[in-house]
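Okay, so here's the structure we're looking at.
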Amino acid sequence: MALIDIPLLMKDAARGKRSAVTCALKCANQCAAGPCNHSDNPTFRDIASSALTRRAVLGGTGGALAIALGGTQGALADPGNGNGKGQGIGNGKGNGKGGSRVPAPNGTKLLFEAIAPVDFEVDEFTVPEGYAWHPVIRWGDPLFDDAPDFDWNAQSAEAQKRQFGYNNDYTEIQEIPGSNGKRAVMFVNHEYTNENIMLPPETDEGELIEIGMAAHGLTVVELERKNTNFPYSYVQGAELNRRILLDTEFELTGPAAGSDLVTTVEDPEGTTVLGTFGNCSGGLTPWGTLLSGEENFHGYFRTPGTSDAEKRYGLADKATARNWESKHDRFDSRNEGYENEPNRFGYIVEVDPFDPTSTPRKHTALGRFKHEGANVILAEDGHVVAYTGDDEVFDYLYKFVSHGTYVEGDKAHNMTLLTSGDLYVAKFSGNSPAAEIDGSGAVPADGSFDGTGEWLPLLVDGESTVPGFSAEEVLVHTRLAADAVGPTKMDRCEDVEPSLATRRVYVACTNNSGRGTAGKASADEANPRAENRDGHIVEIDEQGDQTSTTFAWNLLMVCGDPAQGDTTDFSGFPVEQVSPISCPDNLAFDAVGNLWISTDGAPSGIGYNDGLFRVTLDGDSHGRVEQFLSVPRDGETCGPIIRDEDRSAFVSVQHPGEDGAWGAQLSYFPDYDEVGPKPSVVQVLLERGRGNSKG
Ligand code: FEO
Ligand code: CA
Ligand code: CA
């Protein structure tokens, strides 16, 4: 019997954009249950203020521009790196659209001609002309000297614990000091598992549960390359390699650690949690550690489902998709002694990839919700500021400001900074008349979706600022505390990424098909489209002071496919010159400050596979979107890393072929071996005239 009964799970799934399987396995059908946020926060009100127009506040600066390669790269070639797995340069299906040969933004060395969007049924990884793609590591690849090679027909939990996990999402690569650019350490999280396509149906059900558990968690792995002309490959048995698993001890830090809200029979002190799951995006700290967001943790617990707190987080009395509760008491909080176990998930975790013996930590000071991830920037005065979104329809955007300040070179001190600070939640106000925000997505008469905002305090100087909530309650039941202060209900905040070049902050609101529908919050200027299928990007400007409690904002783009008649806006850039884009998810910047966006959900929206896109932020081409790559069928594009100097970019390909089934697979990425797909981290690299890798 199959452990995961997809047809049964899908009965109450799949509203809006996502694949039904994604709904069931990633988010536990949260959309079908309706929004968790039933608070009646004040709906958006027009505020006729903000003397600052978008152009005045956020206008471009012009700047030196280089000439793009266009189609001039000619026949390029295979690095011949010896891994034998490098793939060809594109699928021959496109490069017709978007090839406008306009100047490359800000002098970046990563030059390319935008690819055409790729139909959602195509099981290919597509890159621009002149580039090749190379899998760096795949699900099941052995990490340690004693780890077995992956075998589709003989997988075990013990093997999986020593191998790369499933559904790689957030990805970051740091050079190992002293390695002369040849060695790096990569951090990857593994958000969830697709048991329906992973292994043969005859796999023992109990063992499949344990395999699935072992395929969650985190991986640290060393990479090596010959030089920048060659792709990275991972190093089996390297010193820093590490799996963080469901039985790995995490230290709970911050004001809620040790509180009565987080104790269990196994941890009466409330300070040590076993494992992490549902990890989505993340961020790199200035001191070299990685942050990762525990997102859809509710899908792993069966609970009484009766309290306001449980309901607000989607925790319910129903069997979970993976049925871990059948084997491990802690995943059923109806069991005596485990009532608080769900309160120990939903945090930002921090991992030091350079110390394989370090204890990873969960920081309660950044609050508990469905964290997409967290990204930090140092304020001018040295305080560490973290931006973090709650990825659920009609939930909120948060900011954390550390009490302590950064000390260059003092890693031990800097690793304390996320344990204590002030926590805020965002309220957006627009400057256009409410009548002009009609839900169509049409830009108002002042030319912009824009306005001002406030960071509303939840916890300041260690004290709760929310009536009726203790400090511990603010940090464990953060959604309920936030409801009480009236923040703006957003269209699913995914990555929130500050630009180190301009200090502006970018928020990917991925979509919200319930916006403006019966009984739900209507469109507002920060979320201006009813039934928002394609999402938008908010640009926040705190005028250089990241500790400020006020800000200006505007929408960088309202996504969609203009060619299909979608009402879109790209900061006024001509819509016929942009690559169509839908469901922005993860964000990154290149070395010269261009924004890069990876998407999740485009296939069921605009009908194209998900991809990675560059957005010009400065100069006359402000708002121009160019598609760089497209991932295979059913895959989500995650964890973008842009390396201009190397003419390279990395993405994690998550859940390729997830609408398939064993024996009826829809993807065979990346090896195309006719067995099944493997989520993988991929490097895309400019080829430099060394033979042809095609075929
Ligand atoms: Fe795991 Fe918010 O996407
Ligand atoms: Ca406006
Ligand atoms: Ca995401």
Side-chain angles (χ1 to χ4, degrees), residues 17-18 22-23 25-28 30-31 44 46-58 167-171 189-192 216 277-283 292-299 346 369-375 388-393 395 397 428-438 442-453 490-497 507-512 523-526 528 535 538-539 552-555 558 569 571-572 583-588 597-601 610 635-640 651-652 654-655:
K17 282 200 56 78
R18 308 204 76 153
T22 310
C23 287
L25 298 183
K26 177 181 277 208
C27 309
Q30 186 60 61
C31 297
F44 182 88
D46 173 48
I47 295 181
S49 64
S50 178
L52 304 170
T53 67
R54 183 183 67 81
R55 286 295 172 198
V57 176
L58 302 171
N167 273 345
N168 29 232
D169 195 313
Y170 175 67
T171 308
N189 60 24
H190 304 287
E191 183 172 3
Y192 69 107
H216 281 69
F277 41 77
N279 279 256
C280 200
S281 192
S292 180
E294 295 183 322
E295 194 189 33
N296 289 303
F297 65 91
H298 69 292
F369 41 89
K370 295 180 187 175
H371 281 282
E372 169 71 11
N375 284 285
T388 178
D390 188 347
D391 181 9
E392 180 123 35
V393 292
D395 255 292
L397 172 68
F428 293 80
S429 302
N431 62 12
S432 290
E436 294 182 13
I437 310 299
D438 60 6
V443 176
D446 70 352
S448 208
F449 297 108
D450 61 347
T452 57
M490 304 298 288
D491 286 350
R492 291 186 55 200
C493 296
E494 300 259 22
D495 250 355
V496 187
E497 191 93 23
V507 185
C509 292
T510 193
N511 61 61
N512 181 358
D524 59 43
E525 198 162 344
V538 184
E539 189 175 34
W553 65 270
N554 76 296
L555 297 195
V558 179
D569 179 51
S571 292
C583 301
D585 189 343
N586 298 142
L587 306 177
I597 302 173
S598 65
T599 66
D600 170 24
D610 281 308
E636 164 183 349
T637 315
C638 300
V651 291
S652 271
Q654 196 189 95
H655 57 76

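First listed ligand is number 1; within each ligand, the first listed atom is number 1. Note that the structure is predicted; figures quoted are calculated from it, not measured. This chain uses plain numbering: 1 for the first residue, then up along the sequence.
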(request) With atom 1 (Fe) of ligand 1 as the reference point, give the N/O/S atom of Glu295 that is nearest. (result) OE1
(request) Mind checking the CG-OG spacing from Asp524 to Ser429? Nearest 0.5 Å is all I need. (result) 9.5 Å
(request) Please confirm whether the backbone N or O of His655 pairs with a side-chain atom of Glu636, one donor and one acceptor, at under 3.5 Å? (result) no
(message) Donor-acceptor pair, distance only, cut-off 3.5 Å: does the side chain of Asn511 make one with the backbone of Gly535?
(response) no
(message) Under 4.0 Å between a side-chain nitrogen and a carboxylate oxygen: does that hold for Asp391 and Arg492?
(response) yes
(message) Regarding Asn586 and Glu497, do their side chains bring together a donor and an acceptor under 3.5 Å, going by distance alone?
(response) no
(request) To 10°, measure the OD2(Asp391)-atom 2 (Fe) of ligand 1-OE1(Glu494) angle for me. (result) 90°
(message) Suppose we only allow N, O or S atoms; which atom of Asp450 ends up nearest to the Ca ion (ligand 2)?
(response) OD1
(request) Tell me, please, if Glu191 has any N/O/S atom, main chain or side chain, under 2.8 Å from atom 1 (Fe) of ligand 1? (result) yes
(request) Using only N, O or S atoms, tell me which atom of Glu372 is closest to atom 2 (Fe) of ligand 1. (result) OE1
(request) Calculate the angle formed at the Ca ion (ligand 2) by OG in Ser432 and O in Ser448; 10° precision is enough. (result) 110°
(request) Would you mind naming the N, O or S atom of Glu525 nearest to the Ca ion (ligand 2)? (result) OE2
(message) Could you tell me if Thr599 and Asp610 have a donor-acceptor pair between their side chains, going purely by distance under 3.5 Å?
(response) yes
(message) Restricting to N/O/S atoms, is Asn554 within less than 3.0 Å of the Ca ion (ligand 2) or not?
(response) no
(message) So that I can check it, does any N, O or S atom in Cys27 come closer than 2.8 Å to atom 1 (Fe) of ligand 1?
(response) no
(request) Of all N, O or S atoms in Asp446, identify the one at the shortest distance from the Ca ion (ligand 2). (result) OD2
(message) So which atom in Asn279 and which in Asp169 form the shortest heavy-atom distance, rounded to 0.1 Å?
(response) O-CB, 4.2 Å
